[in-house]
Chemist: 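I'd like to ask some things about the structure below.
Reckoned from all heavy atoms, side chains included, excluding hydrogens, waters and symmetry mates. Chain letters run A, B, ... following the sequence lines, proteins first, then strands; residues in each count from 1.
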There are 2 protein chains.
Amino acid sequence: MTEAVSRPTLEAVAARAGVSRATVSRVVNGGDGVREPLVERVRRAVEELGYVPNQAARSLVTRRHDAVAVVIAEPETRVFADPFFALQLRGISKELTAHDSQLVLLLTEGPEDYARVGRYLAGGHVDGALVFSLHLDDPLPGLIRGAGVPTVFGGRPGWGDGSRGDGPTVYVDSDNRGGARDAVRHLVGLGRTRVAHITGPLDQTSAVDRLDGFRDVMVDTDPRLIVEGDFTPAGGERAMRVLLDRCPEVDAVFAANDLSASGALRVLRERGRRVPEDVAVVGFDDMLPVAESAEPPLTTVRQDIEEMGRLMARLLLRGLDRRGRDEDADPGPGKGLGGAPSSVVLPTTLIRRASA
Amino acid sequence: MTEAVSRPTLEAVAARAGVSRATVSRVVNGGDGVREPLVERVRRAVEELGYVPNQAARSLVTRRHDAVAVVIAEPETRVFADPFFALQLRGISKELTAHDSQLVLLLTEGPEDYARVGRYLAGGHVDGALVFSLHLDDPLPGLIRGAGVPTVFGGRPGWGDGSRGDGPTVYVDSDNRGGARDAVRHLVGLGRTRVAHITGPLDQTSAVDRLDGFRDVMVDTDPRLIVEGDFTPAGGERAMRVLLDRCPEVDAVFAANDLSASGALRVLRERGRRVPEDVAVVGFDDMLPVAESAEPPLTTVRQDIEEMGRLMARLLLRGLDRRGRDEDADPGPGKGLGGAPSSVVLPTTLIRRASA
DNA sequence: ACCCGGTCCGGGAGCGCTCTCAGGCCGACC
DNA sequence: GGTCGGCCTGAGAGCGCTCCCGGACCGGGT
C-alpha cells in the first residue's frame, strides 16, 4: 500500500539549509530579520524537500487556525433552491482564500444540531464564524454569540441591529427594503394604481423588510392587496388566486421573490390576464433560471450575492486582525478603516425585463 | 474587550478529578480500561470545566484530523444553478457529522487555483477528499491523486473507471446512461418515432453518458436529430430551433437537462407546437423550480442528489477506516463490507408530469 | 507462601512548531 | 580604542495531547 511518506519537518529543512529551526521558521513566516543569503538557502531547502508547515503544530502554539466556520441553518437550505447559496459561498471562499484561511462548513439539521455547532465553535477550532440564520425566532445566533467567537451574520438577524450583550452585532444584508421600494415605485411609475404584494414568510427578516419597503411606497394601501406567501411557486399561486378573487381589478403585483412571482404568473395566465398589459409583475432576487425563463421574463430586483459573501468574510477577517493587533498596541486613531467593523447593507438593482 | 478565557486543558481536568492526564485522555477517548467510578469522576470534571479537547494538539500526535476536504472546481459552480450543489453538500455534511468529521470546503477559481488545492491536500491537513470535477480534460483529478490523499470523486471522472497509477478510482455517480434510456423509452412508448436529443456540453461525462443512453435506444437514429446544447436555457433554445429547421416532423425531444428543456419548450411554444400533443419533451435532473414551474410541467429524470453526497462521504470514511485498521491487523476475509470501497452508480427515476 | 498473569493507572517522552532570550558580531560614536 | 547599541542567529522551553511503558495491585493456581 502506498504508505504516506512522512513529510519533512522544520528540523529537516534546517539541517539541509545548515541553519537552525528558528531561522527556517522565520523565513517560512515572511523572512523578516533574516539576511538575504540565508533566506535564499532556506527557500531552496524548502523547495527541494517539498516542505509544507504542519498546521496542527502551528495552531497549537499560535492559537490561530486560519480557518473560519460557515454555519448554515437547515431551514435556509430549503430556501436556497437557487444559486444563492453557491454564490454566497463563492464570495466567502474567494475572500478567505486571499487571506490564506480555510472554510469549514457547518450545516445544521434542525435545532438538535445547534448544540453540536455551539460546542464546535466554543471549542476554539476556528478563528471566527459566518452565520446564516434569517429567522426571527432562531436560537442559533444567540447561541453562537454565547460561544464567544467573532461572528458576522448573513442577513439581518431577528433581534434587529442593536447590541446584545457584548458588542454590536455585525451583519451584511442587501437592501431588501430599498429594493422593494424601487420595485413598487417602478410599478407606480408605469401608471398602475392597484398594486398588490405577495409577501414571503413573515418570520424571515428579508420578507419583513420587503413588506416594509412595499408599505413605504403604498402608504394607505388596501390591506386586502397584501397576501402572505411563502417564497415558493405554490405559495405564489395560492396568493395570486386570493388576490384575484378579492380584488379583480388588481393591475400590478410585487412578489417578494421570483419563485412566488412565477407562481403568480402561472395563475394570471390561467385566468386569462395578460402580463404585463393587464397585470404587471415584479419579483425579487433575480434568480436567473427562474426569472429569465419565466413567461414573460421577469422584471425583478437583483442583489449582488457573491459580493455579500465576500463582504462578510472581509468584515470578519478585519475584525480578527484588529483583535490581534489590539492586544499589544493601542490601535491609534484615524487608521482609515480602523474602527470596529459595522454592518453593511448592499444596494440592489432593478432589472427590467418583460413582465413590468 | 471580552478576552477569550483560556480554555481548560486535560491537565486541569485531571487535577480536578484527582487523576492523571493519561486517565482523562482515556476517558475522553471512549473510556476503555478505566474503572467506572473514575470514569464518572472524570466525566463530571469535564462537564464542570466545560472541557473541549484541543484538536490541534490531538492531530499533532495522532496525525488524524477528523476533517475531509470537499473540492469543487469552479466550472461546476456555474452549472450548479440549482439545488444540486446544496443538496450534495447536505448529504456529505450529514454523513461526516455522524462520524465527527469536519467539512473543509475548497472552491477553485480556475486552474490557477489548482496548485493551491494540491498543496493543501498534500499538506496533510485533512484525512481525505471528496472531489467534484466532471470535465474530461480537467487536470484536477490527476493532480489530487498525485497528492496521495484518499479521494472519492463525485461523478465519473474523465478517464473512465479504470485504475490510474495506485489503486482504482472510486466515484459515485447517478446512472446517467440508464436514466437517459428510461427517458427515451418513455417517449418511444408514447408512440413517438422522430425522437431528438439536445445534448449537454460533451466535455462532461454526464452529458456523454446521457447521449450514450439516448443512442442505446435510438440505435439507428438520424444524426441530424442530435444537436449539441450546453445545459443552459439559451442553448436549449438554439438547439430546438436547429432541430425544428432541420427536421420539422420531430415529435419528441429528450433534453440532457431541465434547463435546456425549458429553452426548448419556449421555442416550441413560439413556433406554435403544442406540448405534449405535437412534441413530447423530457428533461433530466428534476431541478424543481424549473421542472415544476415549466409550461407545461416537465417530465424528467430524477436523481437522488443528497444520497450521492452521503454515499461519497460514506465511501471515503470507510476507506479511511480500513486504511487505519490495515496497519496492524490483517483485515480477514468476509468482513461483509470489508473490501476496498468501489464506485457506486445510483439509479434514477422517471418523473412523469405533463410534458410527455 | 510464592509466582504469574491480567487489569488499571501514572510518569514521561515527544508530536512539529513558535517565540523569547541570550549571545555573537559589527559598525558607530565619543 | 573602547563601549554601546542594533541586528542576526541559535538554543531551548513549551503549546496540549497521545501513547508507550513500567509499577501497583489483585486473584488464582501450585
Side-chain angles (χ1 to χ4, degrees), chain A residues 4-43 45-46 49-67 100 122-125 127 324 327-328, chain B residues 4-43 45-46 49-67 100 122-125 127 324 327-328:
Chain A
V5 183
S6 79
R7 307 186 317 91
T9 72
L10 250 203
E11 192 79 48
V13 178
R16 175 147 196 139
V19 298
S20 72
R21 266 192 346 268
T23 298
V24 178
S25 176
R26 277 186 275 259
V27 171
V28 169
N29 292 289
D32 307 326
V34 178
R35 250 176 318 212
E36 192 45 45
L38 270 198
V39 170
E40 193 41 46
R41 254 190 16 234
V42 172
R43 287 251 159 80
V46 165
L49 297 177
Y51 169 74
V52 182
N54 181 321
Q55 183 61 39
R58 180 180 279 173
S59 296
L60 186 55
V61 28
T62 60
R63 276 120 200 298
R64 299 192 67 256
H65 301 84
D66 295 316
D100 285 312
H125 302 295
D127 301 324
E327 275 167 24
D328 34 57
Chain B
V5 183
S6 79
R7 307 184 318 92
T9 73
L10 252 203
E11 191 80 49
V13 177
R16 176 149 195 137
V19 298
S20 72
R21 264 189 352 264
T23 298
V24 177
S25 176
R26 279 187 273 259
V27 171
V28 169
N29 293 289
D32 307 324
V34 179
R35 251 177 315 214
E36 191 45 44
L38 270 199
V39 171
E40 192 43 45
R41 254 191 15 236
V42 172
R43 289 252 159 80
V46 165
L49 296 177
Y51 170 75
V52 182
N54 180 321
Q55 182 62 38
R58 180 180 280 175
S59 296
L60 186 55
V61 29
T62 60
R63 275 123 200 298
R64 298 192 67 257
H65 301 85
D66 294 317
D100 285 313
H125 301 296
D127 301 324
E327 276 167 23
D328 34 57

Chemist: Could you tell me how far apart B:Q55 (CD) and C:dC15 (C1') are, to the nearest whole angstrom?
Modeler: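 To the nearest whole Å, that distance equals 14 Å.
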Chemist: Counting only side-chain nitrogens and oxygens, does A:S20 get under 4.0 Å of the OP1 or OP2 atom of D:dT9?
Modeler: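 Looking at the OP1 and OP2 atoms of D:dT9, neither is under 4.0 Å from any side-chain N or O of A:S20.
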Chemist: Out of D:dC8, D:dG10, D:dC17, which nucleotide sits closest to the side chain of A:R35?
Modeler: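 Among the listed nucleotides, the one closest to the side chain of A:R35 is D:dC8.
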Chemist: Is it true that a side-chain atom of A:R7 and a backbone atom of B:G123 form a donor plus acceptor pair closer than 3.5 Å?
Modeler: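 The answer is yes, because a donor-acceptor pair under 3.5 Å joins these two groups.
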Chemist: Do any side-chain nitrogens or oxygens of A:T9 fall under 4.0 Å of OP1 or OP2 in C:dG16?
Modeler: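 No.
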Chemist: How many whole angstroms separate atom CG of B:D32 from atom C1' of D:dC19?
Modeler: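 Result: 14 Å.
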Chemist: Check step by step if side-chain contact (heavy atoms from CB on, under 4.5 Å) holds for B:V19 and B:V24.
Modeler: CA-CA 7 Å; B:V19 298; B:V24 177; 3.7 Å; yes
Chemist: Is A:D127 reaching over with its side chain to a backbone N or O of A:H65, donor-acceptor style, under 3.5 angstrom?
Modeler: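 Yes, A:D127 side chain to A:H65 backbone: donor-acceptor pair under 3.5 Å.
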Chemist: Taking only the side-chain heavy atoms of B:A22 (C-beta and beyond), determine which of C:dG11, C:dA13, C:dG16 contains the nearest atom.
Modeler: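 Selected nucleotide (nearest to the side chain): C:dG11.
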Chemist: Using side-chain heavy atoms (C-beta onward) and a distance below 4.5 Å, is B:D100 in contact with B:D66?
Modeler: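 No, every pair of side-chain atoms sits at 4.5 Å or beyond.
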Chemist: Whole angstrom is fine here: how far is it from CZ in A:R21 over to P in C:dC21?
Modeler: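 After rounding, the reported distance stands at 17 Å.
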Chemist: Can a side chain N or O of B:N29 be found less than 4.0 Å away from OP1 or OP2 on D:dT18?
Modeler: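 Answer yes for this pair, as a side-chain N or O of B:N29 is under 4.0 Å from OP1 or OP2.
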Chemist: OP1, OP2 of C:dG16 versus side-chain N and O of B:R63: anything below 4.0 Å?
Modeler: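 Yes.
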Chemist: Rounded to whole Å, how long is the line connecting atom NE2 of A:H65 with atom C1' of D:dG16?
Modeler: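 After rounding, the gap between these two atoms is 11 Å.
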Chemist: Report the residue (B:L60 or B:G18) whose heavy-atom-nearest nucleotide on DNA chain C is the more 5′ of the two.
Modeler: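 The residue closer to the strand's 5' end, by nearest nucleotide, is B:G18.
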Chemist: Separation of A:E36 atom CD from D:dC7 atom P, in whole Å?
Modeler: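 Roughly 18 Å, once rounded to whole Å.
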Chemist: Quick one: pull up CZ in B:R41 and CZ in B:R35 and give me the separation to the nearest 0.5 Å.
Modeler: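 The distance works out to 11.5 Å.
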Chemist: Take B:V52 and A:H125 through the side-chain contact (heavy atoms from CB on, under 4.5 Å) test and state the conclusion after the steps.
Modeler: CA-CA 10 Å; B:V52 182; A:H125 302 295; 4.3 Å; yes
Chemist: Figure out the CZ/C1' separation between A:R64 and D:dC15, and round it to whole Å.
Modeler: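 Taking CZ of A:R64 and C1' of D:dC15, I get 16 Å after rounding.
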Chemist: Only Watson-Crick and G-U wobble pairs with both distances less than 3.5 Å should count. Give DNA chain D in dot-bracket notation, marking inter-strand partners with |.
Modeler: ||||||||||||||||||||||||||||||
Chemist: Does A:Q55 offer a backbone N or O that forms a donor-acceptor pair with the side chain of A:S59 under 3.5 Å?
Modeler: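 Checking the backbone N and O of A:Q55 against the side chain of A:S59, a donor-acceptor pair under 3.5 Å is found.
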Chemist: Considering only D:dG16, D:dC19, C:dC17, which nucleotide approaches the side chain of B:T62 most closely?
Modeler: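 Shortest atom-to-atom distance from the side chain points to D:dC19.
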Chemist: Give the rounded distance in Å between these two atoms: CG of B:D66 and P of D:dC17.
Modeler: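 One finds 15 Å between P of D:dC17 and CG of B:D66, rounded.
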Chemist: Over how many whole Å does the gap from A:R58 atom CZ to D:dG16 atom C1' extend?
Modeler: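 Going from CZ in A:R58 over to C1' in D:dG16 covers 18 Å.
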Chemist: Taking the minimum atom-to-atom distance to the side chain of B:V34, which one of C:dC17, D:dT18, C:dC9 wins?
Modeler: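 The nucleotide sitting nearest to the side chain is C:dC9.
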Chemist: Nearest of D:dG10, C:dG10, C:dC17 to any side-chain atom of B:R26?
Modeler: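 Taking heavy atoms from C-beta onward, the closest nucleotide is C:dG10.
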Chemist: I want to check one thing: is the phosphate of D:dG10, taken as OP1 and OP2, less than 4.0 Å away from some side-chain N or O of A:T23?
Modeler: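 True: A:T23 side-chain N/O within range (under 4.0 Å) of D:dG10 OP1/OP2.
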Chemist: For the pair B:R58 and B:V28, evaluate side-chain contact (heavy atoms from CB on, under 4.5 Å) and give the outcome as yes or no after the intermediate values.
Modeler: CA-CA 12 Å; B:R58 180 180 280 175; B:V28 169; 3.7 Å; yes
Chemist: Looking at the side chain of B:L10, which of C:dC17, C:dT18, D:dT18 is the nearest nucleotide?
Modeler: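 Nearest nucleotide to the side chain: D:dT18.
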